[in-house]
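Heads up, the thing below is written out as structure tokens.
Protein chains get the first letters and strands the later ones, always in sequence-line order, with residue 1 at the start of each.
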Amino acid sequence: MENKKIEEKWQKYWDEHESFKAETGSDKKPYYILVEFPYPSGSGLHVGHVRSYTAQDAMARMMRMQGYNVLFPMGFDAFGAPAEQYAIKNHIHPKEAIAKNIVTFKNQMKTLGFSFDWNREFSTTDPEYYKWTQWQFLKFYEHDMAYKATVPVNWCPNCKTVLSNEDAAGGVCERCGTQVVQKEKSQWMLRMSDYAEDLLKGLDDTNFAEKVKLGQINWIGKSIGAEIIFKVDGCNEEFTVFTTRCDTLFGATYCVLAPEHKLVDIITTEEHKKEVADYKHACSLKNDLERTELNKDKTGVFTGAYAINPVNNNKIPIYISDYVLASYGTGAIMAVPAHDERDYDFAIKFNIPIIQVLEEETGKKANNETKKNSIVAILYDEKNDKYLTINWHELGGRLFIGGTIKENETPLECAKREILEETGYENFELVHELSKINHHYYAYNKDKYFNIESTGFLFKLIDNEKVEQNLDEDEKFDIEWVTKEVIEKEITDELHKKTFEYAIKPGAMVGDGIHINSEFLNGLNKDEAIAKMLEFLEENKCGNKQVNYKMRDWIFSRQRFWGEPIPMIYCEKCGWVPMDEKDLPLLLPDVAEYEPTDTGESPLAKITDWVNTTCPKCGDAAKRETDTMPNWAGSSWYFLRFMDPHNTKEFASMDALKYWNKVDWYNGGMEHTARHLLYARFWVQFLYNIGLVPNKEMIWTRVSHGMVLGSDNQKMSKSKGNVINPDDIVKEFGADTLRTYELFMGDYELDCPWNTDSLKGCKRFLDKVIRLKDKVIEGNEYSKDLETIINKSIKKVEYDLTHMGYNTAISTLMILTNKYEEQEHITREDYHLLLTLLNPIAPHTTEELNEELGYKPLCETSWPKYDEEKTIDKEKKIGVQVNGKTRAAIKVAIDEDIELTKEKALNENNVKKHIEGKEIIKIIVLPGRIVNIVVK
RNA sequence: GCCCGAGUGGUGGAAUGGUAGACGCGGCGGACUCAAAAUCCGUUGGUAGCAAUACCAUGUCGGUUCAAGUCCGACCUCGGGCACCA
């Protein structure tokens with residue numbers, strides 16, 4: 001068969017017969033399958049697009065045959081930076097470049113036979129479409145969901161342009177490599193953070209894959225905690241901090257304000273003014289990346305002011321540091337170095353006291369415990385990189401030096417005394433005192449349960465001078481210097497193990513434990529203490545429970561040309577005035593220059609004819625907003641437009657929206673499951689709240705696919721030279737071969753490398769299917785011998801095509817084909833069945849063969865039904881195990897008597913061999929599945 | 001650092017807790033051919049053995065179970081996302 005001719009023939013047929021047209025309002029059950037629309041770049045369709053489009057296409061084709069009214073649309077997401085860059089370089093209007101690319105994309109999609117309903121196609125750059133994007137922006141504005149705010153942006157001083165975070169990756173301008181700085185700019189914002197809780201709750205009304213839900217949850221970043229008010233000592237000021245660990249308030253030893261915090265200049269004392277000003281200035285020069293990635297080392301300065309800890313009235317110093325972000329929480333924190341890593345680092349660097357208020361708990365709690373205080377001392381010999389241990393042999397294994405604190409003795413004195421007594425070493429110095437641990441244990445020699453508060457110490461050996469050990473008779477142990485590895489292997493006591501962990505990696509204890517040094521919280525664990533502290537704060541009016549979200553408002557302005565113009569007008573007299581709805585769309589002007597201006601404004605700012613207008617409110621001269629919308633805007637509601645794409649009165653009618661109800665199945669890349677999906681859900685929820693869409697969530701299932709990698713297992717890229725062009729493959733092997741291979745290559749949800757050899761195997765498979773036609777004889781029923789495998793295959797393919805098991809659907813069809821091949825003859829109906837099942841995957845070849853057979857086109861026939869009874873094998877080979885090891889296989893009939901199966905199993909020679917001379921304890925028989933004989 | 005995901009033959013990958021390696025690629029041997037391509041037949045996890053078969057084998061180490069690639073715990077490696085979010 002000649003691929004090209006057949007492919008074109010059927011593509012033409014589908015086009016002319018509008019075979020895939022979705023009918024809004026049809027009586028058939030609607031089903032909406034959506035695959036992310038592409039950005040029509042100059043390089044054409046990627047084999048990755050082909051994989052996901054083919055997968056959804058197969059599903060759509062099958063479901064149509066099953067009688068669904070399937071909406072499977074396609075369009076183009078064509079605003080954005082690449083087209084603009086291309087325009088700047090070549091002085092072509094992006095509109096023209098995009099139009100050309102769309103033609104290429106569409107042709108490519110057609111040659112692959114995707115069953116999109118092309119009647120519904122649009123591009124986000126069509127004025128008929130972006131008119132409604134602008135209209136929706138006006139709705140946001142009308143409902144006070146859009147506002148102007150001054151926010152810092154990435155600024156390249158060389159290019160004089162604002163950069164997106166992506167373009168400023170690594171802190172340098174992507175284009176010229178200049179250091180990016182932060183600059184304040186007035187931007188349009190959408191109040192997305194108001195929707196944080198609804199976006200979180202809404203997930204319950206979706207069927208998103210679990211990992212997708214998690215991505216959304218993480219992005220929203222809800223944290224429950226408390227706000228606590230700190231008064232500033234000696235003046236009337238106060239500030240509020242946010243914390244998730246109000247239980248550690250007794251351990252707060254300082255506070256930090258973000259450098260941008262309003263109070264900083266007010267509370268800074270005279271002698272610290274210069275230092276603080278200098279620090280603030282230095283921070284303003286840093287961009288986000290320097291403040292985070294490049295600069296984990298803590299910096300900061302003291303303001304000279306003190307805050308009052310509301311729980312104990314302690315005076316604690318107030319610092320400013322850029323590790324506290326102005327944009328999260330209240331822009332101020334209480335610092336608890338003992339129980340927060342960042343605070344710990346800062347406290348160590350600035351020599352601020354560390355107060356432990358939580359003890360980690362080890363061992364098992366028991367009743368009737370006797371309390372005592374003790375120490376664990378670790379002595380380290382730097383020269384030999386070894387630690388001093390005591391080997392109690394069978395009496396207690398290997399431990400460090402330990403002991404009980406005597407009356408009138410500090411823990412440190414106790415530790416020093418124990419080292420001297422037990423080992424004789426006398427010259428050593430303290431390195432660290434470690435966090436206290438609350439340990440439970442049972443002492444066999446005393447038959448008593450103990451609960452001890454253990455203080456750990458790390459000492460460094462100075463020299464080997466020793467005195468005579470002062471030992472009791474019954475103390476039988478050896479003193480041994482050992483390496484870290486030996487300790488990790490041989491010290492099993494929980495307390496000593498934990499102490500060693502603290503010793504080699506000092507830091508904050510951030511886990512749960514038992515509160516100490518915390519008055520009314522002492523003895524409580526973390527959750528209990530949080531609850532109790534919240535009570536205290538509220539009673540004393542110095543704090544309350546508070547929820548915070550990482551998600552911020554959406555910065556909606558771009559200083560770009562190629563985007564939807566924001567339909568707002570600035571009037572000196574009236575301020576920001578929205579455009580009149582009837583004047584939409586506000587078209588992008590035709591110009592020849594797309595370079596941003598020197599001031600970082602959009603290129604639109606230079607087009608005075610366009611910018612200058614009149615105020616819709618007072619009629620005076622006014623200016624248009626020259627910023628445009630982000631790329632995310634158009635893609636936040638395109639799936640709604642597909643439901644009613646030609647509506648000129650509304651973005652989509654409520655009737656159409658209600659008919660289709662939701663996107664039933666939405667497939668896209670993992671990279672879009674966080675942001676795009678969140679923006680789209682936010683947009684929809686807003687439309688729902690103002691009564692314009694029927695559901696709060698308009699997307700039911702969201703799934704994602706893996707990437708198609710180059711044959712070198714690397715992401716395909718021109719520079720790596722590993723790019724596969726789908727056109728070449730179609731030309732050489734045919735569209736159906738490419739389609740089959742892309743689905744067969746591997747697990748659809750995982751990345752998979754390209755392999756042209758494997759592709760050839762798929763061609764072989766299709767050729768085999770074609771050759772089968774020579775075996776066809778008359779017959780309107782399935783061959784008797786093939787009934788079971790046919791029914792099984794229908795069931796399996798049907799399941800797999802709706803559960804992303806595309807590769808196993810194809811392997812099922814390969815097995816069926818191989819089975820057919822073994823036959824002398826197959827009936828016309830056998831063959832028709834195979835062609836029907838294969839049709840969603842390889843539509844051209846199967847349509848052609850089907851036509852030769854004399855049937856009406858497959859796209860107009862219905863999906864075969866299977867008979868559950870006939871999917872079950874009458875006879876099956878099952879394994880026989882002895883003690884879980886497979887020793888033989890037997891054939892069993894369906895519904896065979898268990899006793900008979902047992903007998904057969906026991907009669908197998910190899911089974912006999914393995915049970916010979918042994919006692920049979922039991923025989924497990926799962927009919928039709930397994931026999932396991934347990935012997936002793 | 002945190003959150004996901006993944007580790008199975010030479011290779012892409014299959015396996016509702018039940019004969020691990022389906023299906024495909026590649027390899028090897030053979031048929032057809034003057035030859036090649038295409039096609040067909042056989043074989044193909046490792047070790048030992050003529051064979052029957054035995055042992056080993058799903059990243060590592062433990063555990064649960066009659067039975068673990070699959071469930072639980074600890075860890076290692078790779079990929080992705082987030083990253084001073086208090």
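- Taking side-chain N and O atoms only, His339(A) has no distance below 4.0 Å to OP1 or OP2 of A86(B).
- With respect to Thr901(A), the side chain to side chain contact (heavy atoms under 4.5 Å, CB included) criterion is satisfied by exactly one of Leu926(A), Ile923(A), Ile890(A), Leu906(A): Ile890(A).
- If Met707(A) and Val880(A) are placed on RNA chain B by their nearest nucleotide, the residue sitting closer to the 5' end is Val880(A).
- With hydrogens and angles ignored, a donor-acceptor pair closer than 3.5 Å exists between the side chain of Lys298(A) and the base of C84(B).
- Under the 30°/60° scheme for interplanar angles, the aromatic rings of Tyr323(A) and Phe346(A) are found to be tilted.
- Of all nucleotides present, only G1(B) satisfies the Watson-Crick or G-U wobble test against C82(B), with each distance under 3.5 Å.
- Shown here, C23(B) forms a base pair with G12(B); the pair counts as Watson-Crick or G-U wobble because both key distances fall under 3.5 Å.
- Taking for each of Ile810(A) and Ala888(A) the nucleotide of RNA chain B with the nearest heavy atom, the 5'-most of the two is the partner of Ala888(A).
- In this structure, Asp767(A) reaches neither bases nor backbone, as no heavy-atom distance under 4.0 Å exists between it and the strands shown.
- Under the 3.5 Å distance criterion, with hydrogens and angles disregarded, no donor-acceptor pair is assigned to the side chains of Asn791(A) and Thr871(A).
- Look at the P atom in both G13(B) and C82(B): the space between them is 25 Å, to the nearest Å.
- Contacts of Ser223(A) with the nucleic acid, taken as non-hydrogen atoms under 4.0 Å apart, involve only primed sugar atoms and P, OP1 or OP2.
- Applying the 4.0 Å criterion to OP1 and OP2 of A38(B), one finds that Arg764(A) has every side-chain N and O outside that range.
- Ring-plane geometry between His803(A) and Tyr799(A) is classed as parallel, the angle between the planes falling under 30 degrees on a 0 to 90 degree scale with a further cut at 60.
- Separation of the P atoms belonging to U77(B) and G69(B) is 24 Å when rounded to the nearest angstrom.
- Residue Ser758(A) has its side chain nearest to G24(B) when only G24(B), G13(B), G26(B) are considered.
- Closest contact between the side chain of Asn818(A) and the listed nucleotides C40(B), C23(B), U16(B) involves C23(B).
- At the heavy-atom level, Gly221(A) lies nowhere under 4.0 Å from the strands shown.
- A salt bridge is absent between Arg771(A) and Asp767(A); no separation between the charged side-chain nitrogens and carboxylate oxygens falls under 4.0 Å.
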Query raised in the report: Passes salt bridge (Lys or Arg N to Asp or Glu O under 4.0 Å), Glu899(A) versus Lys902(A)? Steps please.
Result: CA-CA 5 Å; Glu899(A) 290 308 316; Lys902(A) 266 189 200 173; 3.7 Å; yes

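- Among the nucleotides A6(B), C4(B), C40(B), the one closest to any side-chain atom of Leu750(A) is A6(B).
- One finds no side-chain N or O of Arg887(A) lying less than 4.0 angstrom from the OP1 or OP2 phosphate oxygen of A67(B).
- With a cut-off of 3.5 Å on both Watson-Crick or G-U wobble distances, the partner of U58(B) is given as none.
- Nucleotide G49(B): unpaired (no Watson-Crick or G-U wobble partner with both distances less than 3.5 Å).
- Distances shown here put a side-chain N or O of Thr886(A) below 4.0 Å from the OP1 or OP2 atom of A20(B).
- Across all strands shown, U64(B) remains unpaired; no Watson-Crick or G-U wobble contact has both distances below 3.5 Å.
- Side-chain atoms of Asn932(A) lie closest to A67(B) of the nucleotides U39(B), A67(B), C82(B).
- Pair assignment for C28(B): G42(B), on the basis of Watson-Crick or G-U wobble contacts that are both within less than 3.5 Å.
- Rounded to whole Å, atom C1' of G13(B) lies 17 Å from atom OH of Tyr748(A).
- Under 4.0 angstrom from either OP1 or OP2 of G81(B) there lies no side-chain N or O belonging to Arg675(A).
- Atom CG in Leu709(A) sits about 10 Å away from atom P in G80(B), given to the nearest Å.
- The shortest side-chain heavy-atom distance between Met745(A) and Asn807(A) does not fall under the 4.5 Å cut-off.
- As rounded to whole Å, 21 Å separates atom P of A83(B) from atom CG of Asp297(A).
- The residue Lys211(A) sits close only to the backbone: its heavy atoms come under 4.0 Å of sugar-phosphate atoms, none of a base.
- Residue contacts for Asn910(A): at a heavy-atom cut-off of 4.0 Å it reaches the sugar-phosphate backbone alone, with no base atom in range.
- We find that NZ of Lys795(A) is positioned 13 Å from P of U16(B), with the value rounded to whole Å.
- A donor-acceptor distance shorter than 3.5 angstrom exists from the side chain of Lys349(A) to the backbone of Lys298(A), with no hydrogens or angles considered.
- Nearest nucleotide to the Glu821(A) side chain, out of U19(B), U53(B), C40(B): C40(B).
- Classification of the Tyr679(A)-Trp632(A) ring pair by plane angle, with boundaries at 30° and 60°, yields tilted.
- G10(B) takes the anti form, because its glycosidic angle lies more than 90° either side of 0.
- Going from atom NE2 of His803(A) over to atom C1' of U16(B) covers 13 Å, rounded to whole Å.
- Out of U53(B), A86(B), G24(B), the shortest distance to the side chain of Lys913(A) is found at U53(B).
- Using a 4.0 Å heavy-atom distance criterion, Ile815(A) is classed as a sugar-phosphate-only contact.
- Between Arg929(A) and the phosphate of A67(B), there is no side-chain N or O to OP1/OP2 separation shorter than 4.0 Å.
- Rounded to an integer number of Å, the gap from Asn218(A) CG to C3(B) P is 9 Å.
- If you measure from atom CD of Gln216(A) to atom P of C82(B), you get 14 Å, rounded to the nearest angstrom.
- One C1' atom belongs to G46(B), the other to C41(B), and the distance between them is 27 Å to the nearest Å.
- When each of G13(B), A86(B), C82(B) is scored by its nearest atom to the side-chain atoms of Cys752(A), the top-ranked nucleotide is G13(B).
- Checked against G18(B), C82(B), G13(B), the side chain of Leu926(A) finds its nearest nucleotide in G18(B).
- Phosphate proximity of C78(B) to Asn713(A): absent, as no side-chain N or O sits under 4.0 Å from OP1 or OP2.
- Within the structure, a side-chain polar atom (N or O) of Asn807(A) is placed less than 4.0 Å from OP1 or OP2 of A14(B).
- Note on Lys885(A): a side-chain N or O is less than 4.0 Å away from OP1 or OP2 of C56(B).
- Between Tyr328(A) and A86(B) there is a side-chain polar atom (N or O) within less than 4.0 angstrom of OP1 or OP2.
- Using a 4.0 Å heavy-atom criterion, one finds that Asp751(A) contacts the sugar-phosphate atoms exclusively.
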Report task. Please test Lys222(A) against Glu197(A) for salt bridge (Lys or Arg N to Asp or Glu O under 4.0 Å), starting from the C-alpha separation and ending with a verdict. Result -> CA-CA 8 Å; Lys222(A) 180 178 184 171; Glu197(A) 196 58 38; 3.1 Å; yes

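- At a cut-off of 3.5 angstrom, the base of G81(B) holds no donor-acceptor pair with the side chain of Glu671(A).
- Rounded to an integer number of Å, the gap from CG of Asn883(A) to C1' of C55(B) is 16 Å.
- Residue His672(A) is out of contact with every strand shown, counting any heavy-atom pair closer than 4.0 Å.
- Separating the C1' atom of A6(B) from that of G12(B) is a span of 15 Å, rounded to the nearest Å.
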